[in-house]
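Numbers here are sequence positions counted from 1.
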Amino acid sequence: QFDRAVTWDTAPELNGEADFVVTGECLSTRVFYQDQVLYTDSEVRVKESFAGALVPGTIIHVVEMGGMTTQGEYKKECGIEEKDFEKGGEPIADDTPLLMGWDGYFPIEKGQSLLLFLGKDVGGFYREFAETPYYIVGGYDGKLLQQGSAETYARPLPWEGGKSARAAFSEESLRITLDEIRQMNE
């Protein structure tokens, strides 16, 4: 599920790889750690289902690597020890907010409207859940954010530094309309 040797760059590729294709809105997020890795669990209410047996209104858990935490919590949970080059310098305060992403992409945020291409963690990798969570195809390839039109979604560009980690788009961003998804799944 986190294999970057393969990427899915078109709507048909994503649709063919996904077990579930849905639109939805993120209701809440929470971070958790497993095996010294930070993850975000996003509760998403399904608005429309195009593939797979998810009923509109169902709330699902979507898990991604990374999330918002603090420097102190991250160091503690991930077993990070002070490095030699850090000694004698000004330490980063434990209560400093820390946003961790993956390859320049950040987890779903509360309130975002999304088009998701999903798989289900049937192998039981995520031990924290009573019900089986979902993962995004390609780690982040299968996560598109709603654009100005309720019918159009686009994949954000990876973050390249700077002060804001807000999603950005360009002419090269993959854009998919809901009509395209409907036609693929007829």
Report task. For the pair T40 (side chain) and G66 (backbone), establish whether a donor and an acceptor sit closer than 3.5 Å, ignoring hydrogens and angles. Result -> yes
Query - salt bridge (Lys or Arg N to Asp or Glu O under 4.0 Å) between R127 and D121, worked out - result: CA-CA 10 Å; R127 299 182 296 271; D121 177 35; over 6 Å; no
Query raised in the report: Between K120 and D19, is the closest basic N to carboxylate O distance under 4.0 Å?
Result: no
Query - A53 to F20 - nearest heavy-atom pair and separation - result: N-CE2, 3.8 Å
Query raised in the report: Which atoms form the tightest heavy-atom contact between Y105 and P158, and what is the distance?
Result: OH-CD, 3.1 Å
Requested in this report: Look up atom OG1 in T69 and atom CG in L38, then write down how far apart they are to the nearest 0.5 Å.
Outcome: 6.0 Å
Query raised in the report: Taking the inter-plane angle between the rings of Y74 and Y33 on a 0 to 90° scale, is it parallel (under 30°), tilted (30 to 60°) or perpendicular (over 60°)?
Result: tilted
Query raised in the report: Between the side chain of N15 and the main-chain N/O of A11, is any donor-acceptor distance below 3.5 Å?
Result: no
Query raised in the report: Got a second to check how far L118's CG is from L14's CG, nearest 0.5 Å?
Result: 10.5 Å
Query raised in the report: Where do F117 and A18 come nearest, in terms of heavy atoms and distance?
Result: CB-CB, 3.8 Å
Query raised in the report: Applying the side-chain contact (heavy atoms from CB on, under 4.5 Å) test to I108, which of L145, V63, V62 qualifies?
Result: V62
Query raised in the report: How about K143 and L114: do any of their side-chain heavy atoms sit closer than 4.5 Å?
Result: yes
Query raised in the report: With hydrophobic residues grouped by side-chain heavy-atom distances under 4.5 Å, do L99 and I80 end up in a single group?
Result: no
Requested in this report: Using a strict cut-off of less than 4.0 Å between a Lys/Arg side-chain nitrogen and an Asp/Glu carboxylate oxygen, indicate whether E180 and R175 qualify as a salt bridge.
Outcome: no
**Report entry** Test item: E73 side-chain N/O and Q71 main-chain N/O as donor-acceptor pair under 3.5 Å
**Finding:** no
Requested in this report: Using only heavy-atom distances, determine whether the side chains of Q146 and S113 contain a donor-acceptor pair under 3.5 Å.
Outcome: yes
Query raised in the report: Is the distance between the ring centroids of H61 and F129 under 6.0 Å?
Result: yes
Report task. Could you walk me through whether L178 and F50 pass side chain to side chain contact (heavy atoms under 4.5 Å, CB included), step by step? Result -> CA-CA 9 Å; L178 296 186; F50 304 94; 3.8 Å; yes
Report summary line: d(L98 CG, I92 CD1) to nearest 0.5 Å is 8.0 Å
Query raised in the report: Under 3.5 Å, is there a donor-acceptor pair between the side chain of E13 and the main chain of T10?
Result: yes
Requested in this report: Could you grab the distance from atom CD1 of I136 to atom CD of E64, nearest 0.5 Å is fine?
Outcome: 3.5 Å
Requested in this report: Please round to the nearest 0.5 Å and tell me the distance separating atom CD of Q112 and atom CG of L144.
Outcome: 11.5 Å
Report summary line: Minimal heavy-atom distance between A93 and T96, with the atoms involved, is O-OG1, 2.9 Å
Query raised in the report: Any side-chain donor paired with an acceptor under 3.5 Å for Y153 and T177?
Result: no
Query raised in the report: Is a side-chain donor or acceptor of S49 paired with a backbone partner of L54 at a separation under 3.5 angstrom?
Result: yes
Report summary line: Minimal heavy-atom distance between G57 and R45, with the atoms involved, is O-CG, 3.9 Å
**Report entry** S28 and E43 side chains, donor-acceptor separation under 3.5 Å
**Finding:** yes
Requested in this report: Please examine the side chains of L116 and Y134, heavy atoms only from C-beta on, and report whether any two atoms are closer than 4.5 Å.
Outcome: no
Query raised in the report: Looking at side-chain heavy atoms only, is the closest gap between D41 and P133 below 4.5 Å?
Result: no
Query raised in the report: Got a salt bridge between K75 and D94, using NZ or NE/NH1/NH2 to carboxylate O under 4.0 Å?
Result: yes
Query raised in the report: Hey, what do you get for OH (Y126) to CZ (F32), rounding to the nearest 0.5 Å?
Result: 6.5 Å
Report task. Give a yes or no on whether a salt bridge exists between E172 and R155, defined as a side-chain N under 4.0 angstrom from a carboxylate O. Result -> no
Requested in this report: Report, as yes or no, whether the 6.0 Å neighbourhood of atom NZ on K47 holds more than 12 heavy atoms from other residues, nucleotides or ligands.
Outcome: no
**Report entry** Audit row: E151, R182, salt bridge (Lys or Arg N to Asp or Glu O under 4.0 Å) steps and yes/no
**Finding:** CA-CA 11 Å; E151 292 287 312; R182 288 181 188 109; 3.2 Å; yes
